[in-house]
**Student:** 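Supplied in structure tokens, the structure appears directly below.
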Amino acid sequence: MPIMDSQLLLCEAQSVAAAAAGSTVSTNVVYIPQVVDHKGVAMNDRPNVSDRLHLNIVVEDEDMLAAVDGSVVTFELYNDTDAVPTTGGDVIVTKAITENTPTEHPDGTQICSIPLPSGQLKPYFGLKTSIATQTLSTGKITAWIGGPIQQG
């Protein structure tokens with residue numbers, strides 16, 4: 001796992017295994033304060049304006065394994081004005097993967113490195129992981145907001 005700022009860590013080796021129709025929410029909420037001018041007026045000067053911030057997710061400590069083939073796992077990054085972004089916030093990034101048995105995403109696999117949208121965002125970020133129709137037996141992820149994951 002790359003070196004990262006702990007203030008940008010959504011979760012570390014968090015279990016996302018769940019029964020069908022189950023979900024988990026990241027253990028941490030990331031707060032990125034809004035930039036304001038000398039009069040306290042919000043500026044469209046967020047750190048991600050040039051696609052510098054990404055949602056990064058990797059499988060860590062435990063393979064992702066479905067009980068039955070075809071378990072769809074959806075990761076959603078929420079953004080809101082309050083400290084509970086996954087309740088009533090806006091989904092700004094989504095990534096869905098399919099898990100089978102045997103695993104297609106073993107420990108250490110990168111799930112995604114997706115740039116956050118450009119422009120003005122709200123200050124709070126949270127991650128929700130949902131399991132669709134087939135149970136996910138095992139799986140842990142580490143997720144953070146930061147620079148893109150470099151491959152190779």
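Please read all numbers here as calculations on a predicted model, not as lab measurements. Nothing fancy with the numbering, it's 1 onward along the sequence.
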**Student:** Going only through I, L, V, M, F, W and Y residues with side-chain contacts under 4.5 Å, is there a path from I114 to V73?
**Tutor:** yes
**Student:** Which atom pair, heavy atoms only, marks the closest approach of L127 to L77?
**Tutor:** CD1-N, 4.1 Å
**Student:** Are L8 and F75 connected, step by step, through hydrophobic side chains (Ile, Leu, Val, Met, Phe, Trp, Tyr) whose heavy atoms are closer than 4.5 Å?
**Tutor:** yes
**Student:** So does C11 get a backbone contact from the side chain of S26, meaning a donor-acceptor N/O pair under 3.5 Å?
**Tutor:** no
**Student:** Can you give me the closest heavy-atom contact between A17 and S137, atom names plus distance?
**Tutor:** CB-O, 3.5 Å
**Student:** Do the non-hydrogen side-chain atoms of L9 and T142 ever get within less than 4.5 Å of each other?
**Tutor:** yes
**Student:** What verdict does the side-chain contact (heavy atoms from CB on, under 4.5 Å) test give for Q14 and T24, after you've listed the backbone C-alpha separation in whole Å, the side-chain angles of each residue and the deciding distance to 0.1 Å?
**Tutor:** CA-CA 9 Å; Q14 178 183 357; T24 57; 4.2 Å; yes
**Student:** What pair of heavy atoms forms the shortest contact from V59 to D107, and how long is it?
**Tutor:** O-OD1, 3.5 Å
**Student:** Given side chains that start at C-beta, do those of L10 and W144 come closer than 4.5 Å, heavy atoms only?
**Tutor:** no
**Student:** Could you tell me which non-hydrogen atom of I97 sits nearest to which non-hydrogen atom of K95, and how far apart they are?
**Tutor:** CG2-CE, 4.0 Å
**Student:** Is there a side-chain contact between L116 and N79 in this structure, where contact means two heavy atoms from C-beta onward sitting under 4.5 Å apart?
**Tutor:** no
**Student:** Give a yes or no on whether L53 and I92 share a hydrophobic cluster (residues Ile, Leu, Val, Met, Phe, Trp, Tyr; joining criterion: side-chain heavy atoms under 4.5 Å apart).
**Tutor:** yes
**Student:** Any side-chain heavy atom of T87 within less than 4.5 Å of one from D80?
**Tutor:** no
**Student:** So P117 and V93, do their side chains get closer than 4.5 Å, heavy atoms only?
**Tutor:** yes
**Student:** Between T133 and G70, which heavy-atom pair has the shortest distance, and what is it?
**Tutor:** OG1-O, 4.3 Å
**Student:** Check whether any side-chain heavy atom of F125 sits under 4.5 Å from a side-chain heavy atom of L55, and report yes or no.
**Tutor:** no
**Student:** Side-chain contact test, heavy atoms from C-beta onward, threshold under 4.5 Å: evaluate it for V68 versus T135 and give yes or no.
**Tutor:** no
**Student:** Could you go step by step and tell me if I149 and V58 meet the side-chain contact (heavy atoms from CB on, under 4.5 Å) rule?
**Tutor:** CA-CA 10 Å; I149 297 174; V58 296; 4.0 Å; yes
**Student:** Would you confirm whether D69, through its side chain, and T101, through its main-chain N or O, come within 3.5 Å as a donor-acceptor pair?
**Tutor:** yes
**Student:** State the OG1-CG distance between T103 and L65, to the nearest 0.5 angstrom.
**Tutor:** 5.5 Å
**Student:** Check salt bridge (charged side-chain N to carboxylate O under 4.0 Å, His left out) between D90 and all other residues, then give those that pass, not counting sequence neighbours.
**Tutor:** K122
**Student:** In the hydrophobic clustering (ILVMFWY, side-chain contacts below 4.5 Å, transitive), which residues join V29, or is it alone?
**Tutor:** Y31, Y124
**Student:** Do E12 and N28 come within less than 4.5 Å of each other through their side chains, counting heavy atoms only?
**Tutor:** no
**Student:** State the NE2-OG1 distance between H105 and T98, to the nearest 0.5 angstrom.
**Tutor:** 8.5 Å
**Student:** Are Y78 and I32 co-members of a hydrophobic cluster defined by side-chain heavy atoms under 4.5 Å apart?
**Tutor:** no
**Student:** Counting distance only, does the side-chain N/O of S71 pair as donor-acceptor with the main-chain N or O of Q134 below 3.5 Å?
**Tutor:** yes
**Student:** Do N56 side-chain atoms and G147 backbone N/O form a donor-acceptor pair below 3.5 Å?
**Tutor:** yes
**Student:** Identify the heavy atoms of P123 and T81 that sit nearest to each other, and give their distance.
**Tutor:** CD-CA, 4.2 Å
**Student:** Does E62 reach the main-chain N or O of G139 with its side chain, forming a donor-acceptor pair under 3.5 Å?
**Tutor:** yes
**Student:** For a side-chain contact (heavy atoms from CB on, under 4.5 Å) check, start with the C-alpha distance between M64 and V16, then their side-chain angles and the critical distance, and finish with the verdict.
**Tutor:** CA-CA 9 Å; M64 295 186 77; V16 293; 4.0 Å; yes
